[in-house]
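Working notes, structure below.
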Amino acid sequence: MKRNRGRTGRKRRRKRLQSFMHGVNCSHKLEYIKLKKWLKDRGFEDSNLRPAQFRDTGRGLMTTKALQAGELVISLPEKCLLTTDTVLSSCLGEYIIKWKPPVSPLIALCTFLIAEKHAGEKSLWKPYLDVLPKSYTCPVCLEQDVVSLLPEPLRSKAEEQRTMVHELYTSSKAFFSSLQSLFAENTGTIFNYSALEWAWCTINTRTIYMKHSQRECFSLEPDVYALAPYLDLLNHSPNVQVKAAFNEQARSYEIQTNSQCKKYEEVFICYGPHDSQRLLLEYGFVAIDNPHSTVYVSSDTLLKYFPSLDKQRDAKLSILKDHDFLQNLTFGWDGPSWRLLTALKLLSLGADEFTCWRRVLLGDVISARNEQQALNITAKICHFLAEETQRVLLQISQLKRDKENLKKHLSLVEALRLEDLKILQKSAEILCNLNVATT
């Protein structure tokens with residue numbers, strides 16, 4: 001009998017181990033124990049979610065029971081949320097109210113995070129601050145060597161992001177100085193650029209949308225941010241659907257799943273139908289096999305394949321610009337986008353066809369020659385972008401060998417570029433089949 005019980009026990013343990021194969025439970029770690037106690041003191045009832053480490057997504061939340069579509073995943077009481085109300089009720093509140101011109105809700109939250117992090121053990125928000133990432137992988141945090149390897153238009157947006165955060169820091173220095181009486185140390189040391197960058201990334205990557213009424217003590221930028229401890233451990237998947245909103249009656253932020261989830265699997269939420277460039281820009285990660293991913297074609301690349309001798313070239317470009325057909329031209333998993341093909345058909349119009357440009361924008365077929373030329377140029381652009389992507393991937397692998405300190409960031413760009421290559425290879429196949437069908 002004992003032997004049977006032992007065998008049953010071993011089977012049960014093996015089954016349980018297999019259940020955890022997808023993720024390693026981390027709820028025993030001290031920082032999560034402290035966070036759960038802190039949340040419980042604020043009215044959060046323990047859910048079926050456990051912090052865990054996953055191979056593909058890193059830190060996330062697993063469920064200890066199977067979840068059905070329509071089920072409530074998490075309900076976080078208002079007292080647990082960090083909003084501008086939290087900031088105004090802190091010692092920073094009177095300084096914010098007095099400051100002119102008013103600071104933005106974003107800067108108020110950044111200031112609070114920096115101040116609380118500096119307070120260390122004395123901070124009431126320490127259990128939450130302790131589980132926040134120490135560093136981020138948003139483009140604003142990347143070295144210039146890494147940024148230069150990003151595809152367009154992400155590279156341009158990364159530069160814009162960096163400039164915007166620098167300007168935010170410069171324009172907030174005077175306000176930071178006004179807080180000097182609250183600190184023993186110099187505010188210039190506490191509220192330095194790296195501290196603001198960390199706070200900005202925390203808010204940009206982790207806040208949930210929660211609209212607050214306009215207040216005179218803040219500038220006119222929308223006050224829509226709320227940091228949600230524990231809930232913000234949920235990772236993104238483009239393949240799930242959730243309903244997320246603040247419940248006015250229950251005074252809590254709730255997430256309801258519209259997808260099923262097996263016991264001990266990672267629970268995901270969806271940040272929106274974002275392509276991988278947008279995910280990297282806003283959140284600092286790349287979702288593998290993202291159905292929304294696209295490869296962008298710049299207007300410069302487009303024009304490489306059209307002779308400057310074409311007398312109607314400038315007029316064609318002007319039409320494309322006026323009708324917003326020089327932006328968001330892409331290749332996707334299903335091949336070249338309608339917008340890209342339309343732009344190329346218009347640029348391929350012969351001198352005798354030019355008056356038909358309105359029909360092109362409406363999707364009409366002008367001639368077999370026009371259709372074929374547009375397809376041929378699309379295939380050339382696809383081939384050019386694939387070669388360029390392979391060249392960059394080679395650069396990345398060399399840099400990974402030479403610059404150990406950049407390995408993590410380079411791997412992120414590599415993942416993005418590898419996905420681009422897959423999309424371009426898939427598009428090349430589709431174009432090849434289209435060419436066969438039209439000849």
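The shown structure was predicted, so the numbers you read here are calculated from the model rather than taken from an experiment.
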Under the salt bridge (charged side-chain N to carboxylate O under 4.0 Å, His left out) test, residues paired with R215 that sit two or more places apart: D85, D223

How about [X] and [Y]: do any of their side-chain heavy atoms sit closer than 4.5 Å?
| X | Y | answer |
| --- | --- | --- |
| I208 | F246 | no |
| T84 | F112 | no |
| W333 | I423 | yes |
| F285 | N235 | no |
| E216 | P102 | no |
| L227 | L132 | no |
| F331 | I430 | no |
| F175 | I96 | yes |

Closest non-hydrogen atom pair, [X] against [Y]:
| X | Y | result |
| --- | --- | --- |
| P139 | V147 | O-CG2, 4.1 Å |
| H323 | F325 | O-CD1, 3.1 Å |
| Q214 | S219 | NE2-O, 3.0 Å |
| C270 | V242 | N-CG2, 3.9 Å |
| N192 | S194 | OD1-OG, 3.1 Å |
| A287 | P238 | CB-CD, 4.4 Å |

Expected output: side-chain [X] to main-chain [Y] donor-acceptor under 3.5 Å:
| X | Y | answer |
| --- | --- | --- |
| Q256 | G70 | yes |
| Q277 | L154 | yes |
| S427 | G332 | yes |
| Q180 | E185 | yes |
| R155 | L150 | yes |
| R339 | Q327 | yes |
| T257 | S259 | yes |
| S89 | T86 | yes |
| S299 | L326 | no |
| T207 | N204 | no |

Around [X], counting heavy atoms of other residues, nucleotides and ligands shown, do more than 12 lie under 6.0 Å from its [atom1]?
| X | atom1 | result |
| --- | --- | --- |
| E152 | CD | yes |
| Q241 | CD | no |
| E45 | CD | no |
| K426 | NZ | no |

Let me confirm one number: the [atom1]-[atom2] distance from [X] to [Y], rounded to the nearest 0.5 Å.
| X | Y | atom1 | atom2 | answer |
| --- | --- | --- | --- | --- |
| E265 | M62 | CD | CE | 10.0 Å |
| L129 | K126 | CG | NZ | 8.5 Å |
| K157 | R278 | NZ | CZ | 8.0 Å |
| Y264 | T63 | OH | OG1 | 9.5 Å |
| C80 | K40 | SG | NZ | 13.0 Å |
| L410 | L399 | CG | CG | 5.5 Å |

List in chain and number order the residues that pass side-chain hydrogen bond (donor to acceptor under 3.5 Å, both in side chains) with E419, two or more places apart in sequence or in another chain; answer none if no residue qualifies. S276, S293

Apply side-chain hydrogen bond (donor to acceptor under 3.5 Å, both in side chains) to Y136 and list each qualifying residue two or more places apart in sequence or on a separate chain. T202

Could you name each residue pair satisfying ring pair (Phe, Tyr, Trp, His ring centres under 6.0 Å) that touches residues 30-70, not counting sequence neighbours? W38-W125, F44-Y230

Pair listing, side-chain hydrogen bond (donor to acceptor under 3.5 Å, both in side chains) test, anchored in residues 94-110, at least two apart: Y95-S181

If you apply the rule side-chain contact (heavy atoms from CB on, under 4.5 Å), what do you find for V73 with L61, and how did you get there? CA-CA 11 Å; V73 175; L61 291 176; over 6 Å; no

Residues in ring-ring contact (aromatic ring centres under 6.0 Å, His included) with [X], at least two apart?
| X | answer |
| --- | --- |
| F191 | F176, F183 |
| H166 | Y193 |
| Y283 | Y271 |

Please test L412 against V146 for side-chain contact (heavy atoms from CB on, under 4.5 Å), starting from the C-alpha separation and ending with a verdict. CA-CA 10 Å; L412 198 60; V146 180; over 6 Å; no

Is the closest side-chain donor-acceptor distance between S298 and D300 under 3.5 Å? no

Filter on salt bridge (Lys or Arg N to Asp or Glu O under 4.0 Å), then keep only pairs touching residues 51-65, sequence neighbours left out; what's left? K65-E71

Only pairs at least two apart or in different chains count here, so list each salt bridge (Lys or Arg N to Asp or Glu O under 4.0 Å) that has a residue in residues 188-210. R206-D232

Return all side-chain donor-acceptor pairs below 3.5 angstrom for residues 158-165, not counting sequence neighbours, or 'none' if the list is empty.
| from | atom 1 | to | atom 2 | distance (Å) |
| --- | --- | --- | --- | --- |
| E159 | OE2 | Q144 | NE2 | 2.9 |
| Q161 | OE1 | V140 | N | 2.9 |
| Q161 | NE2 | L281 | O | 2.9 |
| R162 | NH2 | L142 | O | 2.6 |
| T163 | OG1 | E159 | O | 2.9 |

Applying side-chain contact (heavy atoms from CB on, under 4.5 Å), run through Y296 and L329 and close with a yes or a no. CA-CA 6 Å; Y296 290 86; L329 308 176; over 6 Å; no

Just distance, no hydrogens or angles: give the donor-acceptor pairs under 3.5 Å from side chains in residues 380-393, sequence neighbours left out.
| from | atom 1 | to | atom 2 | distance (Å) |
| --- | --- | --- | --- | --- |
| H383 | NE2 | E387 | OE2 | 3.3 |
| T389 | OG1 | L385 | O | 2.7 |
| R391 | NH1 | Q395 | OE1 | 3.4 |

Charged N-O contact under 4.0 Å between K400 and E414: yes

Between D130 and K34, does any NZ, NE, NH1 or NH2 come within less than 4.0 Å of an OD or OE carboxylate oxygen? no

Check step by step if side-chain contact (heavy atoms from CB on, under 4.5 Å) holds for N25 and T64. CA-CA 10 Å; N25 191 346; T64 56; 5.9 Å; no

